[in-house]
Structure formats: structure tokens, C-alpha cells
Amino acid sequence: MNDTHPTADNATADPGLRELRRQLDTVSSRDFGRLLGRWRGLSRRADEGKLAALRADIERSVARRRARAAAKPPIRLDESLPISARGEDIVRLIREHQVVVIAGETGSGKTTQLPKLCLAAGRGEAGMIGCTQPRRLAARSVARRVAEELGTPLGDLVGFQVRFNDQVSERSLVKFMTDGILLAETQGDPWLSAYDTLIIDEAHERSLNIDFLLGYLKRLALKRPGLKIIVTSATIDTARFAEHFGGAPVVEVEGRAYPVELRWRPVDARPRDGMQQGSAEHIAAVLDEISHDDPRGDVLVFLPGEREIRDAHQLLSRRQYRETEIMPLYARLSAGDQDRVFKPGVKRRVVLATNVAETSLTVPRIRYVIDTGTARVKRYSQRSQLERLHVEPISQAAADQRKGRCGRVGPGVCYRLYDEADFSGRAAFTDPELLRSSLANVILRMLALKLGEVDEFPFLEAPDPRVVADGFRRLTEISAIDDARKLTPIGHTLARLPIDVQLARMLVEGEKLQAMRELLTIVSFLSIQDPRERPGDARQQADAAHAAFADPKSDFVGVLNLWRAYHDAHEELTQSKLRDWCSRHFLSFMRMREWRELHRQLLLVVQELGWKLDVSSAAQNEAQNARFAPPPASRGRLGGGEAFCDVAQNQKRTPPQPSPASRGGSESGAGQLYESVHRALLAGLPTQVGRKDEKGAYLGTRERKFQMFPGSALAKAPPNWVFSAQILDVGGRVWGMMNARVEPLWIEQQAAHLLRTSCRDAHWSKKRGCVVAYEQVSLFGLVLVEKRPVTFQQQDPALAHAIFLREALVRGDIESRADFVRANQRVLEEALGIEAKQRREGLIRHEDDLVSFFEGKLPGEIASSRALDAWYRKARPAEQAALRWSLDDVLVGGAALDAKAFPAALDMDVRVPRAQDAQERPLDMDV
DNA sequence: TGGGGATTT
């Protein structure tokens, strides 16, 4: 049984070909597409030689499939698990339907038994049975357990693949993996042809990966009728999955959990003044109640975050419950402290946990749950272009999930620190991540996979079109797509890098600016979870330990310092000593290892891309030793006379590019490296910048305001201009989390395609010998350059010429070798003398007339003294002569003429230029 | 003036 594509092939009269086509349905799924292609080619145009080769390949593929079928171990279900009772039904449904939805609570055995039921249903022969898990740890441990149950070594008939660890063999019938791995495989094999069956486990978690996969699989199911898909979920919300796949059958399997009694404990039920719902005091009051009834049962308390855990920890510790340990549990906790939670001792335990205990970790021996009903939730706000991390009420589904955490060892009791009305007013389900995220990554992946229009993709729930548009806009900002929303070469590169697109963009720029080595380190750091630990009882020590690596100008240089120290420690120390080193420096050993592994993975990818790590090995060594020099102080570089030359060369609206990085160990080399590194960072997040105001707050792009996060090494001396890798709205306060001092010029260079430039105050400069103007440069409302002199010629040649005629030639305010200029001034002086003698104003022609005199007599592109001289030198004598004034050109016809024709207000004092027309008329020159 | 939790070619 294999994929049978409805084809319009001329079904071929040739019986040999017809037979071959039938055989194709029994080949390995991995080979099917390629073999079918060859068969189609031959059915259009016969070729005996090729036909024989195809026949042989088909036979080989069929044999491989037979061998897989023969290798199947005997299948025994674990009869103690609830799912086993439904085994026959499930096998039948898998045979009869392409998609089956299995709903089962914890303890139903679905994760471990379903792959075996698939084997029993004849799956795993044409291709593997692929089983996805949301977490790596689960993928590995479930694989181990199933391998054990099937009596095969892990990595043989049952394998697993997670990032950095691939233990799957040719023989593997069942492959466990993270959903991220399966999603990544679509890139290299859009048909997912290695599999004949896919099990998407824990679909109710609705991560980005799961939602994307479910959309992808919906389409793939139509193209691969032979592919079987099983979606498992908690009992909630199975209808949505079934409906998504066109009415797939749903099997409900009971869990093996014990009943949990619900007790509502809103604050108003316990009249105590000033007690906040869900506060430490509130928790203590309920814990008192539990302790009174049963002083021995372990308690799991759900809180929104570390801060709340710390407060509760302090309060509960002071109350000195008998034989009780109070212990925190959150993801950033050190491995040792986490282990304590999983190795319960004789004392009763009260575990204060974040959401990490809701899905990721299972705390053993829990009899009571106290649910504050809140969680910190990350949401991307398209309106403010910010990530927000706010405390929100959890959904009913999440509350029930929390409740279930105390029914695993015996009947439990769940205390909810809110009332039933509150509960029923809540959302039934947690918003899927897809509806809470920026979509740049999702869209880039869709473009790379050529999945067509985003709004036609069969997501379970379609994202808001505004958020989709915002995702496209973000891709445009980093030049990943063009105006037609097609991937640019940069975009194609980004799609090959297994990290966030904006971080990947930094790598691309790092390559260009010859700072790959540094960017690999920084970008891999930004991709992992923060390895720095800050245990509640040693926060100052931890801060001090981390400060040893900090750099006062840049948190990213701090990251490089940490990397170097860790790298050295890794080279010199044994595994266990390295572990000590990490704990001494308050670093998570696991996450540091993750950093190193990701660094290595990225290194391999960029080598595949053919990128060089460094310019040369000599530069490499020097760069490693080079200390980072801070950026030069902003004085002078962008304002005043010195800057002019720099800017004047920069007339095509591309900001000046740096000379290739000289990476020597000299101070300037280090300064250059600092610049290259930070400009590469800016390329990935060009709008994450800000300028300090009088109050020390930062004004960013799109009128966004933020503060330097106090944990940043820059917090003590915040620079004027800052780049921030993450701007996060935490409960209404907006923090720039990881920061670096940058130069506005670097921002201008890296965000050149996003700038808005306006030109004002065009005027003649005698000193420069050309027409200049002041330009203002801004990035989404953030003014990068207030007033910078630029030559005006390229902006508006005609206007520059007009200004030149009036302010340089008519007024004679020019140093020129052309003799007519001085001659004309002599004529003018003479005329002024006549005017004075006659004691009459208005004898001299109006300036406009004098300007008109020159119009058309010299080329329109001339607007500088240099250009004038060059032209004049080569001009014919007649052309030269035409530029000379006579007294008649300067004086109004006769002294008797009506002076009213020349209103005094418009008369010009030609020797002392005043504020001019051009200055009163700002020129909007948006580029 | 203080960061829910996962994941990847």
C-alpha cells in the first residue's frame, strides 16, 4: 500500500508498464516519488535500457520494504495502560482512515503504545512511523521506553532525533523526534517521504511548530493518500483537530488519573484586610488550611514568575511549617536546585513553580495544587511592535491542566485562588502561540517552502491579516524579501540557518563585515535560553560573578568575554571540573553546553554556505587577542566642518561604507571590530535603537520609549545612543534587555533602506564654493541626524543653479578666477555711486532682474565656483562677454522712472546678504 | 528601576 497518485498518464497500453506501476505501490515510501517520476518518463517515451534499470530499482526498493516488515518485533501492549483496552478499535481506525484523532489524558499510555498499535496496523513498513514530541527530553525518554518494550536497543528498530543528537538507523521502524525536527525536514524533503505514518503528540499545546505542522500535513495528506496521520491531544478540543482534517474519527481514551476535588478560595471568602488575590499571603492562608487538614501531603503552587515565587518563598519560610521544605521551581533554576524537586526526601514539600510545572516538568508525589490562576504570557503586539510579558489570567484548559497535576499518585485536592464565576468567565483555551507571535519566521519558512499565499494556508486558526502584514514588513526591514514579497538571496540564506530570522540576518552581515567569529558566538548566545543563574539566596554573588565578564559599553562584548573564559575552561578542565567552574560562575552547565553545541552547529552551516570565519589566520589570532575598543565619542564626527567632507561624498543617499575591517591588534583595529560587530547586530534589528533623553529614558523608533534594563552592564553609565537586542514590555515597563553603545552613523548605514531624509535651508556657501543645505535623517520618527550640511547640487540641480546665480553671481559673494565676476562688481559699485549721488533709491535694478540677466547664459548644471571656473576657462569669448554687466544692465532705464515700480521692501543690499528666500522655504526632499 | 516556557535545516 503506498501513495497512489491520480495521474492523467495515458494509463499505457503496455502491460509491462502497467504491472510496474502496480509494483510501485509496494516500494519504500522514501523511493516512491523518484521512481514514479522515472516511470512517468518512460510511459511517455519508451526506452528499454532505462526500463530495465527502473525495474531493478523498484525490485530493490520492494525488497527493502519487505525486509523492514520482516524485522518487526512481536508486539505486546502494556495491558495495564487504559489505551490497550481500545487497541483493536484504534488499529481498525488507522487501517480505515487517513487521519485519526486520539484524545487521552495523562497516564492513558498513548505516547508509548500508539507507535506499537501503528506497527500492528501494518505501518512502519513502507516508511518509518514518525512520532513528534514538543520537548527534546520527552522525545528521548519515550524512545528509550518504547525501545525497551519492543526489546530492541535504542537507535536500532526504535530511534530518536533531537537537535544535536541523531540516533536513527536505516532499520528504524519508529522514530521519535521533536516537532521542530519534523518541521525542519520539510525543507529537505517536502513529501516527508521517510515516513508512512506520522503521530503528532500533544497537539493541544498548540506551539508554533505544531500549528504549522498541522497546516502542512493537511495539504500533504491530499498529496499522499498513503500517508497516515494520528493527532493526539488532551481530551479538550479534539473536535477542532477532527474538523481540521475533514471529519477524522476521534477515539477517547480515559486517563489513569485519580479524582481531584476542586475547592474555590477567592480572597473575599477569607476576610482579611488588604490581601491581594493570589498574593503570598493568600497562598499562605490556603496552605494553613491544607496543613491543618493534612500536614504531610506535598503541595504544588502555581505562580506567574520568579518574583512572585521569591515573595511567597520568603513569607512561607518565615511561617516555619513543621517538617516542611519550601522549594522554588522555574526553568532558570540551577540543575542542582531542580533535582531537589525530583528527589523527594522524607519531609513534606511545598513546591513554588511557574508554568514550567504545567507541561514541561512533572513534579512527583503531589497531593495538593494551589492555583493562583495567573501566568506570565508573552505576546507580540503588532500595534506597538513590542513583545509584551504580562501577567494574565490563565484559560480554563490551563487551569484544568494544573488541577490534574495532583491526581497522579492518589486522589488530590486543587485549591483555586479565585471563584467559580471568575473561572467560567475565562477563555476556554489558551491562545495558540501562532496568534501571539510575530510571524516573520513563519512567513519566511512558508516562502522558502513555496507554500503559496499565507492567507490561503490551512492554519487551524488564521492569524490576523495585520500581523501577517507586519511579518512581511519585518522581513522587508532585514532585506529578506523584495517589493514583490519574493525571497531575496539574503532571504534564501536566512532560510537555511536554523535560528530566528533576525539573528540569522546578523550572521549574514557579520560575514560581510568580516566579523563572523564574533557574530557566531553572539548569535548562538541570543538563540539559547539565558545560561546565567540567579538563585534567590545568592543573587548578589551571582551578579558579582557575572560582572566579571561584563563590558561597560556592550553586553555583547560581555558575551564574547564569557565565551572566551568558558572556551578556555572547556579546553583545560575535565567534565566535572567544568561543571564546578560553571556553578562557581553561576552558569547553567546544561545551557552553556547548549551554547557550545549550537555554536558548532551554526559553524557547520556557515561553512557549508562557503563563508570564511576570518580574513586570514593571522588576523584570526590577532582578533582573538584584540581587546575591544569603545566607539569613538560622538563629538565632531557628524557635525561641524570636519564632517562636511565625509558627508559631501555621500550624495547618493547611501551612507558612507567603512573600509574593509582591519583586524589588527591595534586600538583602531579593535575599534573597527567593535564597529563591525555592532553594525552586524543592527542589521538584524535595525529599529531596536534609541537615543537618551534628559531624564535618562530612551526614545526609540515609532515613538517607542524604553529604559535601560537594570541588569544590563550599561545601566550605570547609559550611552546617548543604544542598540537593544530585545525591547520587552514587562507589565507596563518597557526595558531594553541586552544593550550596546552604538554610533548613530552605524544605525544610518545599516538602516539605509529605511531612512527618511529631508533637506532644508539650501543656500550658497562662499567658503565651500557651492550650494549647501542641511539634511535631517530619521528612522521611523527617531531623528538620527538633526542638521548635517550636504552639497545641494544632486538633491535639486535646477534650484541649486538658481541659488548659485542669485547668491553667488549677482551678489558677487564668490571667490572665482572668472574675471567677469569682479568686473561685474565694479560695475555694480559704480551704479551704487550714481545712486548715492542722486540721493535716490531704486535706481539699481531689482535683484530678480539681475538674476534673469544670467539665466540661459551658462549651463544649468553649474552651481559651484569650481564648475564655473572650469566652464569659463573653456568658454568661447562671446560666451564670456555675455556675462559682463554694463551700467545699463544694472541701472533702471533712467533716473526719471517711477520708483514705485521697485518697492523698497524688495530692494536688496547686495553687499550684505540676508536671510534668503530659499531659507524660508523648506524643501521636502524625501528620498 | 528586575526576565512564562519550549523548539530548529
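Labels below follow one simple rule: chain letters A, B, ... track the order of the sequence lines, proteins then strands, and each chain is numbered from 1. Below, all heavy atoms of this structure are taken into account, side chains as well, without hydrogens, waters or symmetry copies.
- Residue contacts shown for L183(A) are absent, as no nucleic acid heavy atom lies under 4.0 Å away.
- Across all strands, R534(A) comes closer than 4.0 Å to base atoms (heavy-atom distances).
- Nucleic acid contact class of A331(A) (heavy atoms, under 4.0 Å, all strands): sugar-phosphate only.
- Nucleic acid contact class of E433(A) (heavy atoms, under 4.0 Å, all strands): base.
- You can see that DNA chain B meets the heavy atoms of chain A within a 4.0 Å-exclusive cut from dT1(B) to dT9(B), reading 5' to 3'.
- A495(A) comes within 4.0 angstrom of a base, heavy atoms only.
- Sequence order on DNA chain B of the closest nucleotides to R539(A) and P498(A) puts R539(A) first from the 5' end.
- Nearest-nucleotide mapping onto DNA chain B: of T354(A) and Q187(A), the residue sitting toward the 5' end is T354(A).
- Residue R163(A) is classed as a base contact, given a heavy-atom separation below 4.0 Å to a base.
- Applying the side-chain hydrogen bond (donor to acceptor under 3.5 Å, both in side chains) test to E392(A) and every residue at least two apart in sequence or in another chain returns R379(A).
- Using a 4.0 Å heavy-atom cutoff across all strands shown, R332(A) reaches at least one base atom of the nucleic acid.
- In this structure, R332(A) does not pair ionically with E533(A), as no charged nitrogen and carboxylate oxygen lie closer than 4.0 Å.
- Residue contacts for L497(A): at a heavy-atom cut-off of 4.0 Å it reaches a base atom on one of the strands shown.
- Residues satisfying the ring pair (Phe, Tyr, Trp, His ring centres under 6.0 Å) test with F525(A), not counting sequence neighbours, are W595(A).
- For Y698(A), the ring pair (Phe, Tyr, Trp, His ring centres under 6.0 Å) partners at least two apart in sequence or on another chain are F706(A).
- At the heavy-atom level, S207(A) lies nowhere under 4.0 Å from the strands shown.
- At the heavy-atom level, V730(A) lies under 4.0 Å from the strands shown only through sugar-phosphate atoms.
- Aromatic rings from Y216(A) and F457(A) are positioned such that their centres are separated by 6.0 Å or more.
- Scanning for ring pair (Phe, Tyr, Trp, His ring centres under 6.0 Å) contacts around H585(A) gives F549(A), W581(A), with sequence neighbours left out.
- A search for ring pair (Phe, Tyr, Trp, His ring centres under 6.0 Å) contacts involving Y195(A) returns nothing, not counting sequence neighbours.
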